[in-house]
Protein chains: 2
Amino acid sequence: MLLPVPTYQSKSACSSCNLAEICLPINLSEFETYKLDELSPVKRSFSRSDYLYRSGDKFRSLFAIHSGSFKTQILHEDGREQVTGFQMTGEIIGLDAISTDIHACEAVALEDSVVCELPFNKLEALSREIPTLQRHLHKIMSREIVRDQGIMLLLGSMRAEERLAAFLLNLSQRFAARGLPATQFELRMSRQEIGSYLGMKLETVSRAFSHFQAQGLISVKVRTIEIVNLAGLQACLNSSRQ
Amino acid sequence: MLLPVPTYQSKSACSSCNLAEICLPINLSEFETYKLDELSPVKRSFSRSDYLYRSGDKFRSLFAIHSGSFKTQILHEDGREQVTGFQMTGEIIGLDAISTDIHACEAVALEDSVVCELPFNKLEALSREIPTLQRHLHKIMSREIVRDQGIMLLLGSMRAEERLAAFLLNLSQRFAARGLPATQFELRMSRQEIGSYLGMKLETVSRAFSHFQAQGLISVKVRTIEIVNLAGLQACLNSSRQ
DNA sequence: CATCATTTTTGACATATATCAAACCTGTTT
DNA sequence: AAACAGGTTTGATATATGTCAAAAATGATG
């Protein structure tokens, strides 16, 4: 698997943000779960295209996405921008800012979304007391590193259609991990945003979609995607120029 | 600044690995420095092209590069490989493996090198006791995330010559941060390895070097590089298509 | 429903980079 | 010194993807 699929376990519907289950899905003792309440996370709602944080903002918290989805992007001086990721329910966002205490990238809601704010000071204090939480936090950060390196592999050594295939397969697995249909889903992002993420122009993204459809691998209707031939799409990835 | 330059402070020559100064350059109290000895790091030597670890190896330790340099690379099933980074003295290597307890990539010495092995269990235990160390570890991991995202920007939105310019400028800054000449240095890696890292073929790397030389920006003699016109090289970066 | 703005698709063409091939270095071994 | 291997440079050509432009689809608004 090229792009790693973060582990995620959905439990019961959680209207009051149950940290131990949703935001930080780990197994803790009753006492530890109690301690975790010290985080006293706040939930915040965002509408489509709202900023969760902007580049240059002071870093205070990590955010666990409770529902909805976001994109993160870096802005380069000369106006270039690069989407560095699309995040969905259960994923943690904001890790890049720990290094400098300033957000290096910005996070924008792709749809109406709710996030759970996790003050980083408290998270660090708690993880000194709860080794399981400490290890979990380290794994989350490491997983982000592995994810980013997977994208480096993708950008550095795959051609356009392979990249798009990898992207669709990754989305498919992440939807499946959330109990959603794996072969039929709505894209929350534009061709332009997909292109930025995958290092290609929006026209190339569109052409690749059309080509996959012509090959009978998928069915595209603007942002509604159905994967018709999963194995075929996976084969796209391996059938590369050496 | 595109590619982040890790902070690094060289102190006196350290023949016995002084952790607090070299491997983990942070300010600690005397007591904390004493505690840090509990890590009892082991130094290990490697010759050029030796593996520090291989993909699939069980994860036990992070490694601080004491002298020399390494490359890290991911191997894809179909034989493709992607260099994900070049690491030099003072940098920490192995963070990707925390997420799964298995090394996802492999690290190969680019020259004779010495590393300082930091058992991760002990590092975690210590960082529960020493908040400064905990924060430092988090910053190191976050910095790796930022670095990787910088490379995503590079791979996703820059053309070949811009990427090479960014690479040279980054190397230059990292040498300077170590008290080495910023405008004259030896490349430790082949054109092929640079190409893999920057998402281009070795011939394209070679041509870009030649072109920079023809423009009077640098002087190349195989692996000996001299930056003749630093500002000109920086201008390469900003003068991008749109 | 008509209009408008935005996004998406498709086409024709341009170009950056890959590919293939040969010559040239550089350092090492015999 | 000669021969060799691996890396590097350079050239000719192919091709994937970008660029520019127009049409088509979609969704929002009055």
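Chain A is the first sequence line, chain B the second, and so forth, proteins listed ahead of strands; every chain is numbered from 1.
Between H103(A) and F59(A), the ring planes lie perpendicular to each other; the angle is over 60°, past the 30° to 60° tilted range.
Between E91(A) and R143(A) there is no salt bridge, since no side-chain nitrogen of the basic residue lies less than 4.0 Å from a carboxylate oxygen of the acidic one.
Among the heavy atoms of the strands lying under 4.0 Å from G199(A) are primed sugar atoms or P, OP1, OP2 only; no base atom is included.
Atom CE of M158(B) is separated from atom P of dG18(D) by 16 Å (rounded to the nearest Å). Rounded to whole Å, the distance from CD on Q213(A) to P on dA25(D) is 14 Å. Rounded to an integer number of Å, the gap from K201(A) NZ to dG11(C) C1' is 19 Å. As rounded to whole Å, 12 Å separates atom C1' of dT17(D) from atom CZ of R159(B). Atom C1' of nucleotide dT17(C) and atom CE of M200(A) are separated by 17 Å, given to the nearest angstrom. Put simply, CD on E161(B) is 14 Å from C1' on dT15(C), counting in whole angstrom units. Residue E162(A) contributes atom CD, which lies 14 Å from atom C1' of dT17(D) at whole-angstrom precision. In this structure, the NE2 atom of H211(A) is 12 Å from the P atom of dT17(D), given to the nearest Å.
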Show the numbers, then the answer: is there a side chain to side chain contact (heavy atoms under 4.5 Å, CB included) between I145(A) and Q149(A)? CA-CA 6 Å; I145(A) 292 170; Q149(A) 291 179 350; 3.7 Å; yes

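For S45(A), the side-chain contact (heavy atoms from CB on, under 4.5 Å) partners two or more places apart in sequence, or in a different chain, are V114(A). The salt bridge (Lys or Arg N to Asp or Glu O under 4.0 Å) test applied to R223(B) returns no partner, not counting sequence neighbours. Judged as a ring pair (Phe, Tyr, Trp, His ring centres under 6.0 Å), and not counting sequence neighbours, the contacts of F175(A) are F185(A). Listed by chain and number, the residues in a salt bridge (Lys or Arg N to Asp or Glu O under 4.0 Å) with R188(B) are E111(B) (sequence neighbours excluded).
The only member of M88(A), Q87(A), E106(A) that meets side chain to side chain contact (heavy atoms under 4.5 Å, CB included) when paired with F70(A) is Q87(A).
Note that the two end axes of the helix from dC1(C)-dG30(D) to dT30(C)-dA1(D) enclose an angle of 30°, each drawn from 5 base pairs, rounded to 10 degrees.
Here the side chain of S142(A) pairs a donor or acceptor atom with the backbone of L95(B) at under 3.5 angstrom.
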Restricting both atoms to N or O, compile the protein contacts to nucleotides 8-10 of chain D shorter than 3.5 Å, with distance only.
residue, atom, partner, partner atom, Å
dT8(D), OP1, R223(B), NE, 3.1
dT8(D), OP1, R223(B), NH2, 3.4
dT8(D), OP2, R191(B), N, 2.9
dT9(D), OP1, R191(B), NH2, 3.1
dT9(D), OP2, R191(B), NE, 2.7
dT9(D), OP2, R191(B), NH2, 3.3
dT9(D), OP2, S206(B), OG, 3.0
dT9(D), O5', S206(B), OG, 3.2
dT10(D), OP2, S210(B), OG, 2.5

